[in-house]
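Shown next, in structure tokens, is the structure this report addresses.
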Amino acid sequence: MDQINKFSLPATILIGCIILGGFYYASEANKQASIEKQQQIDLQTKTATADNIDLQTKCADLANGYNTKNGGSTNGGNSDGYFSHWNKSLNKCFVEYSEEIGNDGKGNINIEFRLADAIGGTRYADIVWTIPNEDKPGICDLYPSGINIDS
């Protein structure tokens with residue numbers, strides 16, 4: 001019986017160390033997997049951001065070409081200019097360009113805005129905004145088009 005008691009304490013310590021070592025190993029493996037997963041997410045985010053910036057840059061170039069091709073000025077972002085927008089979910093490059101189309105003879109200023117797809121050439125809407133020369137609210141007329149002006 002004494003021999004059993006002599007070996008039971010070391011055996012208990014050994015079994016306890018094996019169990020604790022197993023838990024420690026599992027927690028370290030879990031930490032490593034979590035770190036690797038976070039690094040992968042960070043890499044995907046950086047790649048997606050770089051791709052999105054690249055698409056926005058290409059869209060801006062396409063919008064500039066579209067605007068110039070359709071008689072717009074080259075003042076990007078200004079009056080008588082254009083704005084571009086890459087819509088990731090629709091996979092489309094939109095261009096909104098405007099020009100002052102002059103005075104209507106009554107002292108009112110008319111500005112026309114057009115919304116189009118810079119890649120496909122579809123013009124979605126024309127908006128004419130009339131700014132009266134008096135203290136009256138402006139008038140906005142929307143003309144949906146949905147026509148492809150490149151064909």
Side-chain angles (χ1 to χ4, degrees), residues 1-101 109-132 137-151:
M1 192 71 162
D2 274 340
Q3 285 186 346
I4 294 176
N5 286 338
K6 283 183 182 179
F7 293 115
S8 65
L9 180 61
T12 305
I13 292 172
L14 181 63
I15 291 171
C17 287
I18 290 171
I19 292 172
L20 287 175
F23 281 123
Y24 180 75
Y25 175 78
S27 69
E28 288 298 314
N30 191 24
K31 277 187 204 175
Q32 185 62 30
S34 178
I35 290 169
E36 288 172 2
K37 184 176 180 181
Q38 185 60 43
Q39 288 173 343
Q40 186 177 13
I41 290 170
D42 291 345
L43 180 61
Q44 288 173 347
T45 302
K46 286 178 185 175
T47 303
T49 301
D51 289 346
N52 196 30
I53 289 171
D54 186 45
L55 290 171
Q56 288 175 6
T57 303
K58 288 178 183 176
C59 179
D61 293 341
L62 286 167
N64 183 25
Y66 181 91
N67 183 57
T68 304
K69 178 177 159 184
N70 290 288
S73 75
T74 56
N75 297 329
N78 297 322
S79 177
D80 283 356
Y82 66 94
F83 295 96
S84 65
H85 170 71
W86 173 255
N87 188 301
K88 184 178 176 180
S89 61
L90 295 175
N91 198 29
K92 289 196 180 282
C93 175
F94 292 102
V95 59
E96 180 252 312
Y97 55 108
S98 63
E99 66 177 304
E100 187 173 320
I101 53 178
I109 298 171
N110 293 318
I111 300 175
E112 183 176 18
F113 298 92
R114 296 179 202 105
L115 178 64
D117 177 1
I119 298 171
T122 302
R123 192 160 74 202
Y124 294 107
D126 292 347
I127 304 162
V128 177
W129 184 32
T130 304
I131 305 169
I139 301 168
C140 185
D141 296 313
L142 172 64
Y143 304 99
S145 358
I147 58 170
N148 189 320
I149 59 175
D150 284 345
S151 49

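All figures in this text were calculated on a predicted structure; none of them were measured in a lab. Numbering of residues begins at 1 and proceeds along the displayed sequence.
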Sequence neighbours left out, what passes side-chain contact (heavy atoms from CB on, under 4.5 Å) with I15? Give chain and number order. I19

Considering all heavy atoms of both residues, which atom of S84 and which atom of A63 are nearest to each other, and what is their separation? CB-CB, 3.4 Å

Across all chains, not counting sequence neighbours, the side chain to side chain donor-acceptor pair (under 3.5 Å) partners of K37 are none

Nearest 0.5 Å please: distance from the CG atom of L115 over to the CZ atom of F83. 12.5 Å

Taking the inter-plane angle between the rings of H85 and F94 on a 0 to 90° scale, is it parallel (under 30°), tilted (30 to 60°) or perpendicular (over 60°)? parallel

With sequence neighbours excluded, what pairs up with F113 under the ring-ring contact (aromatic ring centres under 6.0 Å, His included) test? none

Check side-chain contact (heavy atoms from CB on, under 4.5 Å) between K58 and all other residues, then give those that pass, not counting sequence neighbours. D54

For I13, enumerate each residue passing the side-chain contact (heavy atoms from CB on, under 4.5 Å) test, keeping only those at least two apart in sequence or located in another chain. L9, C17

So, using side chain to side chain donor-acceptor pair (under 3.5 Å) as the criterion, who are the partners of Q32 when residues are at least two apart? E36

Strictly by salt bridge (Lys or Arg N to Asp or Glu O under 4.0 Å), give each pair with a member in residues 11-34 just once, sequence neighbours left out. E28-K31

Sorted by chain and residue number, the side-chain contact (heavy atoms from CB on, under 4.5 Å) partners of D126 (sequence neighbours excluded) come out as E112, R114, R123, Y143, S145

How close do V95 and A118 get, counting heavy atoms only, and between which atoms? CG1-CB, 4.1 Å

Minimum heavy-atom separation for C59 to W86, with atom names? SG-N, 3.8 Å

Using the test side chain to side chain donor-acceptor pair (under 3.5 Å), find all partners of Q40 that sit at least two apart in sequence or belong to another chain. none

With D61 via side chain to side chain donor-acceptor pair (under 3.5 Å) - residues at least two apart: none

So OG of S34 and CG of N30: to nearest 0.5 Å the spacing works out to 6.5 Å

